[in-house]
Amino acid sequence: MTLRVYNTLTRSKSEFKTIEEGKVRMYVCGPTVYDSAHVGHAMFALVFDIVRRYLIYRGYEVDYVMNFTDVDDKIIDRANRLGVDPFELAEKYIEEFKHNLRDLNILPASEYPRATNEIDTIIKMVSQLIEKGSAYIVDGDVYFRVETARDYGKLSGRKLEEMNAGSRIRVDERKENPMDFAVWKKAKPGELAWDSPWGSGRPGWHIECSAMNLSHLGEQIDIHGGGNDLIFPHHENEIAQTEAITGKPFARYWMHNGMMQLKGEKMSKSTGNLVPISEFLNEYSGDVLRLLVLSSYYRSPLTFNSEVVEANQRALERLLSALRPAQPGAAGASKAVLDVLAEQLEATQQGFVESMDEDFNSAGALGHIFDLVRAINQARAEQATDEQLAPAQTGFKLLTDVLGLELKATELTTTGADAFIDLILALRKELRQEKLYQLSDHVRDKLLKLGVIIEDTPQGSTWRWE
RNA sequence: GGCGACGUAGCCAAGUUGGCAAGGCAGGGGUCUGCAAAACCCUCAUCACGGGUUCGAGUCCCGUCGUCGCCUCCA
């Protein structure tokens, strides 16, 4: 069995082979931190977290770097408007985003570099570009000369001649070619800036990522990820710069996730149709958002609306049903029933890997997991005991762990509550034996309002948190 | 206008090299239950449209219509 990965560079799937045996160097473009992150940002983080977790499951050691762009026009503008220090503003949103990542059960990156810590590397790289003739200085700005990059456009599938720069924005007359882009920007008066051989200024957006790759992962990496809105110009330019300097192919696999759609269009700050991560998490668990992402192909646009969110909330509850204990007083299931369960466990494990191996087909993998859920619930209905359910439940949990699902039944601060609820159930049992159903239903309703679900079976009653 | 992705049941969505259309949510029927809930069982599509290739196409080719992304900061 081999893992196949879709590569934007070749526009096809190919077998995944790392530069170094057993080790994956992976870089993912993080957010520009000038505001709170929304669920669209969560999507890229979740997608690549799933990729990373699966690579680990497949036995790779993964070096995972996610950057923060902490200096750019928007941060400066916002800071100026709020009258705060741009560094502090960026710092605040970096911390907030990291907090979001934790809430979403996303594994911490090996490193979280940020642009402002890479200035030395950036200046060195810009100097190299100028020396090689790949960049030129104009009045304190430094531009990359795209015509020196022979295969410029190879990632986005554009040809230099076909690009009509300036169709929507004024072209800077000082540039040799309209498509040339800034690697160093001259500082405006009073703006935060660093000294450089070309005067005071700050790095262009694209060079930051090139620099962070170089200093944290090296000249060549295995996977470069990000949203598909970054393909052009950001990633195209990253390739041009890095390869101009190293003379070597930069990233082996370029992976791009699709955009999250809200009301039929891309969720973004500029259009204002967004849902902050923290707002979402006030109502739903991180698992719901993760399940939403898992339920479709990462490269496709993802539909986000209340109906879909609710459906995934219910789907999550179904996954949780597999982990419930045996029925009270279960007599034990027959060998035939247990054989079916064991077979399904094996089929699910195999199907899971087959799906995930095919460019991380998480939706297909989930389908196999749901088959196992049904099998477990069937066995339980057929009187399987906890011991008999255990192997399948353990196998189930292992796979959902690979997908990063927590599957924690809601746990309130229930310290000591269990004993009291058990007591109430015992009393309610007496009511039911006396056929005081009105009273026992009343107890059930009241407990439900407190988040306790009671289920009555012929063998007795069970309860769980909502 | 250029480049790219996509169009599968009420909704979301999978479908490897073409060979009887996964899964989830919602809906309908049933088992169980004092009732309810959960769980279990049964049920629910010929794949945008029109051509073509083939013994056979959702799956390949052409065209039409439609949706989305990028071409400007953007996950």
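The basis for the numbers below is simple: all heavy atoms, side chains too, and nothing from hydrogens, waters or symmetry mates. Each chain gets a letter, A, B and so on, in the order its sequence line appears, and its residues count up from 1.
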- prompt: Taking C-beta and beyond as the side chain, do Tyr112(A) and Ile94(A) meet within less than 4.5 Å on heavy atoms?
  reply: no
field: SB check Arg202(A) Asp73(A) (cutoff 4.0 Å)
entry: yes
query: Separation of Leu316(A) atom CG from A26(B) atom P, in whole Å?
result: 13 Å
task: State the pairing partner of C40(B); accept Watson-Crick or G-U wobble contacts with both distances under 3.5 Å, and report none otherwise.
output: G30(B)
field: Gln378(A) side chain, from C-beta outward: closest of A37(B), A13(B), C41(B)
entry: C41(B)
field: Test: Asp456(A) and Arg428(A) ion pair at under 4.0 Å
entry: yes
message: Taking only the P atom of each, what is the distance from C44(B) to G2(B) in whole angstrom?
response: 46 Å
query: With no angle test and no hydrogens, is the base of C35(B) tied to the side chain of Asp456(A) by a donor-acceptor pair under 3.5 Å?
result: yes
- prompt: Any side-chain donor-acceptor pair under 3.5 Å between Glu15(A) and Thr2(A)?
  reply: no
query: Side chains of Tyr64(A) and Asp49(A): is there a donor and an acceptor less than 3.5 Å apart?
result: no
- request: Could you measure between the two P atoms, the one in G18(B) and the one in C61(B), and give it in whole Å?
  value: 11 Å
task: Determine the Euclidean distance between corresponding C1' atoms of C42(B) and A75(B); express it in Å to zero decimal places.
output: 44 Å
field: ring centroid sep under 5.5 Å plus plane angle under 30, Tyr437(A) with G34(B)
entry: yes
- request: Write down the distance separating the C1' atoms in G7(B) and C35(B), rounded off to the nearest Å.
  value: 47 Å
task: Indicate whether OP1 or OP2 belonging to C35(B) is found under 4.0 Å from a side-chain N or O atom of Arg432(A).
output: no
message: Suppose we call a contact any N or O donor and acceptor under 3.5 Å apart; does that hold for the side chain of Arg444(A) and the base of A36(B)?
response: yes
task: Say whether Tyr93(A) and Asp70(A), considering side chains only, have a donor N or O and an acceptor N or O under 3.5 Å apart.
output: no
query: Rounded to whole angstrom units, what separation is found between the CG atom of Asn228(A) and the P atom of A5(B)?
result: 11 Å
Base-pairing mate for C25(B) - Watson-Crick or G-U, with both contacts under 3.5 Å: G10(B)
message: If you go through the side-chain atoms of Asp371(A), does one of them form a donor-acceptor pair with the base of G24(B) closer than 3.5 Å?
response: no
task: Check the distance between A39(B)'s P and Leu323(A)'s CG and give it to me in whole angstrom.
output: 13 Å
message: Can you tell me if Lys266(A) touches the phosphate of C70(B), counting only side-chain N or O atoms and a distance under 4.0 Å to OP1 or OP2?
response: yes
Any-strand Watson-Crick or G-U partner of G4(B), both distances under 3.5 Å: C68(B)
task: State whether Arg318(A) places a side-chain N or O below 4.0 Å from either non-bridging phosphate oxygen (OP1 or OP2) of C40(B).
output: yes
query: At under 4.0 Å between heavy atoms, what does Glu455(A) touch on the DNA or RNA strands: base, sugar-phosphate, or nothing?
result: base
- request: Could you state the atom-to-atom distance from CD1 of Ile231(A) to C1' of G69(B) in whole Å?
  value: 9 Å
field: Whole-Å C1' distance, U43(B) and C62(B)
entry: 40 Å
message: Once hydrogens and angles are ignored, does a donor-acceptor distance under 3.5 Å link the base of C70(B) to the side chain of Arg158(A)?
response: yes
task: Considering only atom C1', compute the distance from U46(B) to C41(B) and round it to an integer number of Å.
output: 26 Å
message: By the 4.0 Å heavy-atom rule, please label His38(A) as base, sugar-phosphate, or nothing.
response: base
task: Could you check whether Ile454(A) gets within reach of a base, just the sugar-phosphate, or nothing at all, counting any heavy atom under 4.0 Å?
output: base
- request: Establish, from distance only, whether the side-chain atoms of Asn377(A) and Ser321(A) form a donor-acceptor pair under 3.5 Å.
  value: yes
Residue Phe44(A), side-chain atoms from C-beta onward, closest of A14(B), G34(B), A75(B): A75(B)
- prompt: Relative to the 5' end of RNA chain B, which residue comes earlier, Asn305(A) or Val39(A), by the nucleotide with the nearest heavy atom?
  reply: Asn305(A)
message: Using a heavy-atom cut-off of 4.0 Å across all strands, would you classify Gly351(A) as base, sugar-phosphate, or nothing?
response: nothing
- prompt: Choosing from A13(B), A75(B), G69(B), which nucleotide comes nearest the side chain of Gln261(A)?
  reply: G69(B)
- prompt: Got a donor-acceptor pair under 3.5 Å from the side chain of Arg314(A) to the base of G24(B)?
  reply: no
- request: Grab the CD-P distance between Glu307(A) and G27(B) for me, whole Å please.
  value: 11 Å
message: Under the criterion side chain to side chain donor-acceptor pair (under 3.5 Å), I'd like the reasoning laid out for Glu354(A) against His368(A): C-alpha separation, chi angles, the key distance, then a yes or no.
response: CA-CA 10 Å; Glu354(A) 278 172 8; His368(A) 290 109; 5.9 Å; no
task: Nearest whole angstrom, please: distance from the C1' of C3(B) to the NE2 of His235(A).
output: 18 Å
message: Using the side-chain heavy atoms of Phe232(A), tell me which of these nucleotides is nearest: A14(B), C71(B), G23(B).
response: C71(B)
query: When we call it a touch if two heavy atoms are under 4.0 Å apart, what does Tyr297(A) touch: a base, just sugar-phosphate, or nothing?
result: sugar-phosphate
message: Looking at Thr303(A), I'd like to know whether one of its side-chain N or O atoms comes within less than 4.0 Å of OP1 or OP2 on A13(B).
response: yes
- prompt: Partner of G58(B) by Watson-Crick or G-U wobble geometry, both contacts under 3.5 Å, or none?
  reply: none
query: Can you tell me the Watson-Crick or wobble partner of C49(B), both distances under 3.5 angstrom?
result: G63(B)
message: Checking contacts here: which listed nucleotide (A14(B), A75(B), G24(B)) is nearest the side-chain heavy atoms of Arg374(A)?
response: G24(B)
message: Let's see if you can work this out: which of C11(B), A75(B), G24(B) has an atom nearest to the side-chain heavy atoms of Thr32(A)?
response: A75(B)
message: Between Asp339(A) and Lys335(A), does any side-chain N to carboxylate O distance fall below 4.0 Å?
response: yes
- prompt: Atom CD of Glu354(A) to atom P of U16(B): distance rounded to whole Å?
  reply: 13 Å
query: In whole Å, what separates the C1' atom of G15(B) from that of G30(B)?
result: 31 Å
task: Can you tell me the distance, in whole Å, between the CZ atom of Arg324(A) and the C1' atom of A38(B)?
output: 6 Å
- prompt: Among C12(B), G34(B), A75(B), which nucleotide sits nearest the side chain of Arg428(A)?
  reply: G34(B)
- prompt: Heavy atoms under 4.0 Å, any strand shown: does Gly40(A) hit a base, just sugar-phosphate, or nothing?
  reply: base
message: Please compare Arg11(A) and Asn377(A) by the position of their nearest nucleotide in RNA chain B and report the one closer to 5'.
response: Arg11(A)
- prompt: Out of A75(B), C12(B), A14(B), which nucleotide sits closest to the side chain of His41(A)?
  reply: A75(B)
field: Any Asn361(A) side-chain nitrogen or oxygen under 4.0 Å from OP1 or OP2 of A14(B)
entry: no
- request: Indicate yes or no: at least one non-hydrogen side-chain atom of Tyr284(A) is less than 4.5 angstrom from one of Asn312(A).
  value: no
query: When rounded to the nearest Å, what value does the distance between P atoms of G24(B) and C65(B) take?
result: 38 Å
- line: Re C35(B): Watson-Crick or G-U wobble partner, both distances kept under 3.5 Å, found to be none
